[in-house]
Protein chains: 2
Amino acid sequence: MSDKLVARSAGGDLGGAVRCVECPLRRLDLYQPVNDTELTLIDELKRADVSYRAGEMLIAENTDDTPLFTLLRGWAIRFKTLGGGRRQILHVLLPGDFIGLQQKMSDAASHGVQALTDVHVCRFARDAVWTLHRELPSLGYGITWLSANQNSLVDDNLLSVGRRSALERVAALLVTLYARALPHDDEAATLGLRFPLTQQHIADAMGLSLVHTHRVLRQLRQRGLYELQDGGRLVLPDPKALAQMARLRWPLEMARAPLI
Amino acid sequence: MSDKLVARSAGGDLGGAVRCVECPLRRLDLYQPVNDTELTLIDELKRADVSYRAGEMLIAENTDDTPLFTLLRGWAIRFKTLGGGRRQILHVLLPGDFIGLQQKMSDAASHGVQALTDVHVCRFARDAVWTLHRELPSLGYGITWLSANQNSLVDDNLLSVGRRSALERVAALLVTLYARALPHDDEAATLGLRFPLTQQHIADAMGLSLVHTHRVLRQLRQRGLYELQDGGRLVLPDPKALAQMARLRWPLEMARAPLI
DNA sequence: CGATGTATTGACCAGCTTCAAGTAACGTGG
DNA sequence: CCACGTTACTTGAAGCTGGTCAATACATCG
């Protein structure tokens, strides 16, 4: 984490808010282009740049009236818990992901959002979703797009957890996260991908026990398909083989998303 | 199935399209009210009333450019398949549900939609999502709402499949579907809830084998928590006990949804 | 330097899957 | 009207995948 992004306290506002025009994410060419009108509206709705330390909750489970965020930097998870210390990670959030939609809409059972790494987000007021729809339908459409897209990623997880073997599950998770995170990590090609998930996280994402997750990872390591280097950097020598093992298409085609 | 809703052939258009104003679903008082402008727009975008027979595919897996539907009557499933005859049911669709959003937006891996019973739907053109957003932001917002809401139902399924025991899973599925479907079945109180899922469906929804699903159901039956009567009518003598068994809140609060 | 979190490994076993087989209900065509 | 195919349900036996329990090693951190 570079110092300028680390807040002094939990969920603290940063000194100088970055204008959306200068948003470093947009330069990445991963996102749908926006015109000036759209950018201005997003800028107006943006309340603050906020950062959280690794481990902090952006949204606690079972709360409503939560704010909305766009994740700018770092990793986070969406999760639910059950009695007996059971936790299910629903989705891993990466830069560009929009956070907090489900909470806002219905009062269906909610989930928590926790920072995995130090994290940097844009915060929006709760009613920004409605404002976006009302003022600029193109951005409202973008919100719908993002929601539908996250939905299909959760669908994939559900398929894994429900119908894939432990080996297939872990392979699927690794290769999917690898593909999603790669564009956000400059040093991935040389040093490996910065990968903050612990074995416990992988277990909680795939509905496995910690011990068995470890055994599966060891197996993948022995087959030369997985390596975790010092500093938590992930190397997948043969992503395609992992994808085949998980019965996933490769390469994973990723559509250009809206960034709000 | 009443005769007037049964089409002559697969996915056949019905003779007379029902105007949205007269839509029988809206009278149910389960949905957010709409004004005349909104109703007119929905009516314009509506292409046809269509019905499918039980078992037919509304949307085949791995196709794009699929139409959009609103489910008016009957049950359907959203599912994905994997090699080796493995299938995961992602979500059970009931009247009022909007179908086909994920397919439209990104080209992320897609799912199929299959009718469980004879089914009656409104069909919309593919670009209706954008038109709704552009012409009437309130309806665009409704689409986002529906997407987020379905998302949180899938989240619940993922929690079940990942972290609940077989007994808890089946209990959770039964009680959740019971609560969702009850308002759509007049005879539920007297005859039991019309319930078209087979044991195989329950297994595929909860990531279990058919045999084990059967054993779990027998156990629930022996405990007096579950009964399936002639004609496939589901009776849950003590839904609250099932909910507690699954560690679900009870009663399940259901927000008033938009109907598009 | 102890406390904490993560990774690692072995032993044991249970929850669930797989295989196999039989029953019942239903629709179809001869 | 009955033989037959099909689908759903049912049950038992065997065994594997993956869970639980327990203990060690290692790093980081205040």
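Since we're looking at a predicted model, the values are computed, not measured. Below, read A as the first sequence line, B as the second, and so on, with proteins coming before strands; counting in each chain starts at 1.
- Nucleic acid contact for G232(A): none, since no nucleic acid atom lies under 4.0 Å from a heavy atom of the residue.
- Shown here are the side chain to side chain donor-acceptor pair (under 3.5 Å) partners of E168(A), two or more places apart in sequence or in another chain: S165(A), R86(B).
- A search for salt bridge (charged side-chain N to carboxylate O under 4.0 Å, His left out) contacts involving D97(B) returns R180(B), not counting sequence neighbours.
- Among the heavy atoms of the strands, none lies under 4.0 Å from G55(B).
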Point to revise | Steps toward side-chain contact (heavy atoms from CB on, under 4.5 Å) verdict (L158(B), Q88(A)) | key: CA-CA 8 Å; L158(B) 180 50; Q88(A) 178 65 42; 4.0 Å; yes

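- With salt bridges taken as basic N to acidic carboxylate O contacts below 4.0 Å, none links R73(A) and D118(A).
- The distance from the CG atom of L159(A) to the CG atom of L82(B) is 5.0 Å, given to the nearest 0.5 Å.
- For DNA chain C, the outermost nucleotides in 5' to 3' order that have an atom under 4.0 Å from a heavy atom of chain B are dC16(C) to dC19(C).
- Closest non-hydrogen pair, I59(B) versus P67(B), comes out as CD1-O, 4.3 Å.
- Among residues two or more places apart in sequence or in another chain, the side chain to side chain donor-acceptor pair (under 3.5 Å) test is passed with D155(A) by R78(B).
- Ion pair D49(A)/R123(A) not flagged as a salt bridge, since none of the NZ, NE, NH1 or NH2 atoms sits closer than 4.0 Å to an Asp/Glu carboxylate oxygen.
- Residues from residues 162-176 of chain A that place a heavy atom under 4.0 Å from any atom of DNA chain D, listed by number: S165(A), A166(A).
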Please list every donor-acceptor pair under 3.5 Å in which a side-chain atom of residues 183-190 of chain B meets a protein atom from a residue at least two apart or in another chain.
from, atom 1, to, atom 2, distance (Å)
D185(B), OD1, E187(B), N, 3.0
D185(B), OD1, A188(B), N, 3.4
D185(B), OD2, R194(B), N, 2.7
E187(B), OE1, R233(B), NH2, 2.7
T190(B), OG1, E187(B), O, 3.1

Shorter than 3.5 Å, N or O on both sides, protein versus nucleotides 26-30 of chain D: list them out with atom names.
none

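- A donor and an acceptor atom, one from each side chain of E61(A) and S110(A), are nowhere located under 3.5 Å apart.
- Applying the ring pair (Phe, Tyr, Trp, His ring centres under 6.0 Å) test to pairs two or more places apart or on separate chains, none has a residue in residues 76-99 of chain B.
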Between side-chain atoms of residues 207-221 of chain A and protein atoms elsewhere (two or more places apart, or another chain), which donor-acceptor pairs fall under 3.5 Å?
from, atom 1, to, atom 2, distance (Å)
S209(A), OG, H212(A), N, 3.1
T213(A), OG1, S209(A), O, 2.7

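- If one axis is set at each end of the helix from dC1(C)-dG30(D) to dG30(C)-dC1(D) from five pairs, those axes are 40° apart, to 10°.
- Using a 3.5 Å distance cut-off with no hydrogens or angles, the side chains of R249(A) and N62(B) do pair a donor with an acceptor.
- Scored by the ring pair (Phe, Tyr, Trp, His ring centres under 6.0 Å) test, F195(A) finds W75(A) as partners (sequence neighbours excluded).
- For S160(B) against M206(B), the heavy-atom pair with the smallest separation is CB-CE, 3.6 Å.
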Short N/O separations, protein against nucleotides 9-13 of chain D, under 3.5 angstrom:
from, atom 1, to, atom 2, distance (Å)
dC9(D), OP2, Q199(B), N, 3.0
dT10(D), OP2, Q199(B), NE2, 2.7
dT10(D), OP2, H214(B), NE2, 3.1
dT10(D), O5', H214(B), NE2, 2.9
dT11(D), OP2, R218(B), NH1, 3.1
dG12(D), N7, R215(B), NH1, 3.4
dA13(D), N6, R215(B), NH2, 3.0

